[in-house]
Amino acid sequence: YERTCRYFARKTNSVVVSVGYRLAPEHPYPTQFEDCLTATIHFMRAAQDYGVDPSRIIICGDSSGGTLTAAVAQALVNRRDLPKLRAQILIYPYLQCVDFNLPSYQQNEGVPILLKERTVALGLRYLNKDLSVIEAMFKGCHIPEDLQPKYQKWVSPDYIPHEFKTRGYKPSTTHPSFSKEVYTEVKPMFDTVFSPLLAEDSVIARLPETFILTCEFDVLRDDGLLYKKRLEDHGIKVTWCHLQEGFHGTV
């Protein structure tokens with residue numbers, strides 16, 4: 001990422017700080033989030049030492065870094081002791097574990113580099129969980145019935161614009177049978193640090209201006225579209241860039 005960071009610094013005339021957060025599995029979740037949050041708070045407090053205007057700090061990340069960016073922005077919304085973030089930049093972020101059959105997951109399940117199965121496997125490895133639950137998660141068996149209505153308000157193919165379904169999309173006709181064992185295994189995935197799309201409205205409503213980049217040939221495309229909708233529903237200004245020929249990792 002050094003070349004990418006240098007490019008951003010040069011093109012935007014900005015100070016770019018890259019957080020070398022510790023990696024799983026040696027450092028288990030949520031170490032990565034805590035490292036990013038700690039680094040961000042330190043930088044916000046010391047911004048002037050780096051020649052940076054504290055009111056112009058933007059946080060940014062791609063893929064799982066987009067997850068961390070969204071989670072850090074959410075963690076900071078109630079902090080009165082820090083400057084407000086100027087914006088967040090989410091580049092094809094992973095944002096939810098509720099529905100792995102959204103149109104983008106169906107259309108791009110075999111598109112390198114982020115195959116559908118690999119996406120879920122990486123998430124489970126990140127949490128140090130058993131990979132045997134993948135098939136059950138594809139079917140939606142990991143979501144308790146009492147939580148389904150809540151999550152459907154935020155994560156539903158109904159909120160994906162029609163033009164993103166034209167490449168093929170089959171709505172699920174079967175009702176998934178809930179498995180308590182699977183839910184117990186994957187419960188940390190519903191934490192908003194892992195799935196920022198599941199944050200409460202009171203948090204979403206206080207987020208900073210946002211830039212979201214999505215790619216057409218990416219299983220995570222619809223995560224970005226759903227987050228865009230939630231932010232806009234709360235009056236947050238969103239700049240959205242969609243790469244029609246883009247794929248995961250394109251940056």
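Side chains included, hydrogens not; waters and symmetry mates left out as well; all remaining heavy atoms used. Quick note: residue numbers are just sequence positions, from 1.
- Across every non-hydrogen atom of C141 and P176, the tightest pair is N-CB, 4.2 Å.
- Contact between T69 and G61 at its shortest, heavy atoms only, is OG1-N, 3.1 Å.
- Relative ring orientation between Y29 and Y126 is described as perpendicular, the plane-to-plane angle rising above 60° on a 0-90° scale split at 30° and 60°.
- Under a 3.5 Å cut-off, the side chain of H234 and the backbone N or O of V203 do not form any donor-acceptor pair.
- Atom CZ of R167 has more than 12 heavy atoms from other residues, nucleotides or ligands within 6.0 Å.
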Run the side chain to side chain contact (heavy atoms under 4.5 Å, CB included) check on I143 and V98 step by step: do they pass? CA-CA 7 Å; I143 301 158; V98 171; 3.6 Å; yes
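- In this structure, E232 and K229 have side chains that are not in contact, with every pair of non-hydrogen atoms separated by 4.5 Å or more.
- Under the 4.5 Å side-chain criterion, counting only non-hydrogen atoms from C-beta, V133 is in contact with V186.
- Cluster annotation: I160 is connected to L197 through the hydrophobic network of ILVMFWY side chains, with a link wherever side-chain heavy atoms come within less than 4.5 Å.
- Separating the CD atom in E185 from the CG atom in L127 is a distance of 9.5 Å, to the nearest 0.5 Å.
- Using a 4.0 Å cut-off between charged side-chain N and carboxylate O, K139 and E135 make no salt bridge.
- The cluster map of Ile, Leu, Val, Met, Phe, Trp and Tyr, joined by side-chain heavy atoms under 4.5 Å apart, puts F43 and V19 in the same cluster.
- Summarising the geometry, atom CD belonging to E163 is positioned 8.5 Å from atom NE2 belonging to H242; distances are rounded to the nearest 0.5 Å.
- Both L147 and V155 are assigned to one and the same hydrophobic cluster, defined by single-linkage of ILVMFWY side chains at heavy-atom distances under 4.5 Å.
- Between V238 and I212 there is a side-chain heavy-atom pair separated by less than 4.5 Å.
- Of the possible donor and acceptor atoms, one in the side chain of T12 sits under 3.5 Å from a partner among the backbone N and O of F8.
- Expressed to the nearest 0.5 Å, how far CG of L85 lies from CE of M44 amounts to 4.0 Å.
- The residues R45 and D81 are annotated as salt-bridged, a charged nitrogen and a carboxylate oxygen being separated by less than 4.0 angstrom.
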Before you tell me yes or no, could you show the steps for M137 and I134 under side chain to side chain contact (heavy atoms under 4.5 Å, CB included), namely the whole-Å CA-CA distance, both residues' side-chain angles and the distance that decides it to 0.1 Å? CA-CA 5 Å; M137 290 176 70; I134 289 179; 5.6 Å; no
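- Side chains of D233 and Y159: no donor on one and acceptor on the other come within 3.5 Å.
- Contact record, C215 with T250: SG-CG2, 3.7 Å, taken as the closest heavy-atom pair.
- A donor-acceptor pair is defined here as one N or O able to donate and one able to accept, closer than 3.5 Å; such a pair exists between the side chain of K165 and the backbone of P157.
- Here the straight-line distance linking atom CZ of R22 with atom CG of D35 works out to 4.0 Å at 0.5 Å rounding.
- Between C36 and L68, the closest side-chain pair of non-hydrogen atoms falls below 4.5 Å.
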The test is side chain to side chain contact (heavy atoms under 4.5 Å, CB included); show your working for Y1 and D62 and say whether it passes. CA-CA 11 Å; Y1 277 82; D62 74 317; 3.0 Å; yes
Are R230 and D201 close enough, and set up right, to give a salt bridge (charged side-chain N to carboxylate O under 4.0 Å, His left out), and what steps lead you there? CA-CA 8 Å; R230 280 205 74 193; D201 287 344; 2.5 Å; yes
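- Counting all heavy atoms, side chain and backbone alike, C60 lies closest to I91 at SG-CD1, 4.1 Å.
- More than 12 heavy atoms of other residues, nucleotides or ligands sit less than 6.0 Å from atom NZ of K153.
- Residues P54 and V52 are not in side-chain contact: their nearest non-hydrogen atoms beyond the backbone lie 4.5 Å or more apart.
- Atom OH of Y105 and atom CG of L102 lie 7.5 Å apart (nearest 0.5 Å).
- Taking 4.0 Å as the cut-off between side-chain N and carboxylate O, K237 and E209 count as a salt-bridged pair.
- For V193 against T67, the heavy-atom pair with the smallest separation is O-CG2, 3.8 Å.
- Looking at S14, its side chain never comes within 3.5 Å of a backbone N or O of V16 through a donor-acceptor pair.
- The backbone N or O of S195 sits nowhere less than 3.5 Å from a side-chain atom of Y94 that would complete a donor-acceptor pair.
- Salt-bridge check for K150 with E200: passed, with a basic side-chain N closer than 4.0 Å to an acidic carboxylate O.
- In this structure, the side chains of L82 and L76 come closer than 4.5 Å at one or more pairs of heavy atoms.
- Relative to the ring axis of F138, K116 places its NZ or CZ within 45° and under 6.0 Å from the centre.
- When hydrophobic clusters are built by joining Ile, Leu, Val, Met, Phe, Trp and Tyr residues whose side-chain heavy atoms come closer than 4.5 Å, directly or via intermediates, V17 is grouped together with Y50.
- Taking the six-membered ring for Trp and the full ring otherwise, Y92 and F247 have centroids separated by 6.0 Å or more.
- Checked against the 6.0 Å centroid criterion, the rings of Y21 and F33 do not qualify as a close aromatic pair.
- Under the 3.5 Å distance criterion, the side-chain polar atoms of T38 are matched with a main-chain donor or acceptor of E34.
- Q32 and H27 get closest at one heavy-atom pair: NE2-O, 2.7 Å.
- Judged purely by distance below 3.5 Å, without hydrogens or angles, the side chains of S63 and H248 pair a donor atom with an acceptor atom.
- Within the 4.5 Å cutoff, the side chain of K129 has heavy atoms near those of the P188 side chain.
- Between the side chain of S179 and the backbone N or O of V182, at least one donor-acceptor pair lies under 3.5 Å.
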If you apply the rule side chain to side chain contact (heavy atoms under 4.5 Å, CB included), what do you find for F211 with L90, and how did you get there? CA-CA 6 Å; F211 175 93; L90 310 177; over 6 Å; no
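- The CZ atom of F194 sits 6.5 Å away from the SG atom of C97 when rounded to the nearest 0.5 Å.
- Neither V77 nor I58 shares a network with the other; the hydrophobic side chains, linked directly or stepwise wherever heavy atoms of I, L, V, M, F, W or Y lie under 4.5 Å apart, form separate groups for each.
- Side-chain contact between L37 and I41 is present, with at least one heavy-atom pair separated by less than 4.5 Å.
- Under 3.5 Å, the side chains of Y169 and N101 contain no donor-acceptor pair of N or O atoms.
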Review item, side-chain donor-acceptor pairs of residues 219-227, under 3.5 Å, at least two apart:
unit_1	atom_1	unit_2	atom_2	d
R221	NH1	Q107	OE1	2.9
R221	NH1	E216	OE2	2.8
R221	NH2	Q107	OE1	3.1
R221	NH2	F164	O	3.2
D222	OD2	S104	N	2.7
D222	OD2	S104	OG	3.2
D223	OD1	Q96	NE2	3.2
D223	OD2	L95	N	2.8
D223	OD2	Q96	N	3.3
Y227	OH	Q74	NE2	2.9

Worked check of side chain to side chain donor-acceptor pair (under 3.5 Å) between Q88 and T210: CA-CA 5 Å; Q88 61 175 341; T210 302; 3.0 Å; yes
